[in-house]
**Student:** 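First the structure, which I've put down as structure tokens, then a few questions once you've had a look.
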There are 2 protein chains.
Amino acid sequence: MITLHLIGIGTGNPDHLTRAAVRALNAADLILLPCKGPDKADLADLRRAILAEVITAPVPVAEFDMPRRAAGAEYRLAVDDWHEAIAKVWTDTIARHLPQGGDVALMVWGDPSLYDSSLRIAGRLGAGGGALSVKVLPGITSLQALTAAHAIPLNTLASPVTITTGRLLRAGGWPEGAVSVAVMLDAGMAYEVLDPCGLHIWWGAYLGLAQESLFQGPLAATAPHITAERARLRALHGWIMDIYLLRREMPDD
Amino acid sequence: MITLHLIGIGTGNPDHLTRAAVRALNAADLILLPCKGPDKADLADLRRAILAEVITAPVPVAEFDMPRRAAGAEYRLAVDDWHEAIAKVWTDTIARHLPQGGDVALMVWGDPSLYDSSLRIAGRLGAGGGALSVKVLPGITSLQALTAAHAIPLNTLASPVTITTGRLLRAGGWPEGAVSVAVMLDAGMAYEVLDPCGLHIWWGAYLGLAQESLFQGPLAATAPHITAERARLRALHGWIMDIYLLRREMPDD
């Protein structure tokens, strides 16, 4: 019997971990640690630094290579195949290190509920026939790290919030009826497709880390600075994780 | 000079606190603790229990009575007056306990960015002329506690999420183009205004606490059980904090 603990760890700062997350990591029989993958989400060094900071018990860590996502294929099919490949690597790694079963911990950037695949991948493990239960420990999302860094609310008073992706914003433009729009997973400045008139942007990268970078201002004036800075930082650090919030400026808020 | 630390504490379980939140509480010169208010958000006993669990330094705690919000008045005006009254109580309490300035900590349910007024109220303090800076420490929101308890993602694959309030859902119905809708601050079963066909609900109350209660299922079949259970639990415990996620069922997800 395996219990897989999907543990939200925030955006890279060990201080984002909750007391529950620290306890679950220390109580695990095995910690799975993805590495050598092509994706920015596989930042193994950052995960190792977090473990070095919070682990006080002798917990075995199993590193595994992340499969690559097929390029060019239709998006949903490519994701489907990729998730299947990751599920297989998880299954094999757990079977090798923990043949008798036990508690397995997987560190998830942000929170496992928000634009993360771990829950969907874990759903495939159960299908393999082995006894598996999944426990989720919430973590600080990049969205919360962003609003905290800027000291702003996510929503304006009595208004809704839309959370979306760069891909969706680029394809569909400003969401119908939206006031505040948080954009995640934007690899390519999707805000450029919007009419910037009346829009304000709050942007952040490497939130909570030493290299944290923040910009905010009217979208028209600020977007070029963000675009340039994002390219510069990505080249400088070799990776970037960023997020932004857009808001229609309201006269009374 | 005052630094006001708005510290997200999650939904009442001390294990929701982050390492940063625990450190900031212990490093504060004063902790402000609202009590005796009429609002469910003033659950002073729960706040005191969290402090008893995580505080290891001798930090003074100043309890203060929360002002009441005027009933009946136009919503925005009533909120405006109420925020002004709270800002005055904060200012007076800080001045009385910390005339030389220092670090003040305020524990905020969930995360200070999400449907919480602390940031707006803090904005009024600066207007008083005293030197004030605000720091925000993110916390686990009830939304994250809900999805963690049900072990579900907030978003379906490559889809947006709308976060809204019971008031807005009741007034406007299902948000245009939405797939997943998280409803906060619903004091009165706003889901009853929706055509339940094709909708699924995940509901939770007292998330992360011993009295946690969860329901999920097709909205049509599940709503009556939630409505009845919510009334029963509220009468039993004298208060309730709950939240739900609604999702259009998609054939391919």
Side-chain angles (χ1 to χ4, degrees), chain A residues 6 8 10 13-23 53-54 75-76 79 111-117 119-120 122 133-141 143-155 157-165 167-168 172 175-178 181 208 252, chain B residues 6 8 10 13-23 53-54 75-76 79 111-117 119-120 122 133-141 143-155 157-165 167-168 172 175-178 181 208 252:
Chain A
L6 302 177
N13 185 329
D15 284 348
H16 286 175
L17 268 70
T18 65
R19 285 158 46 102
V22 172
R23 187 170 307 146
E53 173 81 19
V54 307
Y75 179 69
R76 275 175 175 264
V79 168
D111 181 284
S113 75
L114 194 57
Y115 295 107
D116 181 81
S117 306
L119 271 163
R120 282 182 200 95
S133 71
V134 175
K135 270 199 71 169
V136 177
L137 284 84
I140 300 301
T141 65
L143 192 44
Q144 293 164 279
L146 176 74
T147 53
H150 284 287
I152 53 164
L154 181 61
N155 59 289
L157 188 61
S159 288
V161 177
T162 302
I163 309 176
T164 192
T165 65
R167 182 185 295 260
L168 288 170
E176 182 79 24
V181 177
D252 60 345
Chain B
L6 301 176
N13 186 328
D15 284 348
H16 286 175
L17 267 70
T18 65
R19 285 159 45 102
V22 172
R23 187 171 305 147
E53 173 80 20
V54 307
Y75 178 69
R76 274 176 177 263
V79 168
D111 181 283
S113 74
L114 194 58
Y115 295 107
D116 180 80
S117 306
L119 271 164
R120 281 181 202 96
S133 71
V134 175
K135 270 199 72 168
V136 177
L137 283 83
I140 300 301
T141 65
L143 192 45
Q144 293 163 279
L146 176 75
T147 52
H150 284 287
I152 53 164
L154 181 61
N155 59 289
L157 189 61
S159 288
V161 177
T162 302
I163 309 175
T164 191
T165 65
R167 183 186 294 260
L168 288 169
E176 182 79 24
V181 177
D252 59 345

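Side chains are part of it too, since the values below use all heavy atoms of this structure and drop only hydrogens, waters and symmetry mates. Numbered from 1 within each chain, the chains take letters A, B, ... in sequence-line order.
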**Student:** Return the CG to CG distance between A/L137 and B/D15, rounded to the nearest 0.5 Å.
**Tutor:** 9.0 Å
**Student:** For A/R19 versus B/P14, what's the shortest heavy-atom pair and its separation?
**Tutor:**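 Looking at all heavy atoms of both residues, the shortest contact is NE-O, 3.1 Å.
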**Student:** B/V22 versus chain A, heavy atoms under 4.5 Å apart: side chain, backbone, both or neither?
**Tutor:** side chain
**Student:** Can you say whether A/L119 sits under 4.5 Å from chain B via the side chain, the backbone, both, or neither, judging by heavy atoms?
**Tutor:** side chain
**Student:** Give, as side chain, backbone, both or neither, the part of B/L168 having an atom under 4.5 angstrom from any heavy atom of chain A.
**Tutor:**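 Interface part for B/L168: side chain.
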**Student:** Once rounded to the nearest 0.5 Å, what's the spacing between atom CG of A/N13 and atom OG1 of B/T18?
**Tutor:** 9.0 Å
**Student:** So B/I163 and A/I163, do their side chains get closer than 4.5 Å, heavy atoms only?
**Tutor:**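 Yes, side chains in contact.
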**Student:** To the nearest 0.5 Å, what is the distance between CD on B/Q144 and OG1 on A/T141?
**Tutor:**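 Going from the CD atom of B/Q144 to the OG1 atom of A/T141 covers 5.5 Å.
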**Student:** For chain B, which candidate among A/L143, A/T147, A/I140, A/T165 shows the most heavy-atom pairs at distances under 4.5 Å?
**Tutor:** A/I140
**Student:** Considering only heavy atoms and a distance below 4.5 Å, find which of B/T164, B/L17, B/V181, B/L6 pairs most often with chain A.
**Tutor:**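 Counting heavy-atom pairs under 4.5 Å, the top option is B/L17.
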**Student:** What part of A/T162 lies closer than 4.5 angstrom to a heavy atom of chain B: side chain, backbone, both or neither?
**Tutor:** both
**Student:** Shorter than 4.5 Å, heavy atoms on both sides: which option in B/G177, B/G139, B/A145 has the most such pairs with chain A?
**Tutor:**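 Of the options given, most contacts go to B/G139.
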**Student:** Output yes when a side-chain donor or acceptor of B/Y115 lies under 3.5 Å from a complementary backbone atom of A/S159, and no otherwise.
**Tutor:**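 Flag set: sc B/Y115 to bb A/S159 pair under 3.5 Å.
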**Student:** What part of B/P175 gets closer than 4.5 Å to chain A, counting heavy atoms only: side chain, backbone, both or neither?
**Tutor:**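 Nothing of B/P175, per the 4.5 Å heavy-atom cut-off to chain A.
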**Student:** Using heavy-atom distances under 4.5 Å, tell me whether A/V54 contacts chain B through its side chain, its backbone, both, or neither.
**Tutor:**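 Contact with chain B involves both backbone and side-chain atoms of A/V54.
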**Student:** Which bit of A/A158 comes within less than 4.5 Å of chain B, counting heavy atoms only: side chain, backbone, both or neither?
**Tutor:** both
**Student:** As a test of understanding, state which of B/L146, B/N155, B/L154, B/I152 forms a side-chain contact (heavy atoms from CB on, under 4.5 Å) with A/S113.
**Tutor:** B/L154
**Student:** Pick one of side chain, backbone, both or neither for B/S117, based on which atoms fall under 4.5 Å of a heavy atom in chain A.
**Tutor:** neither
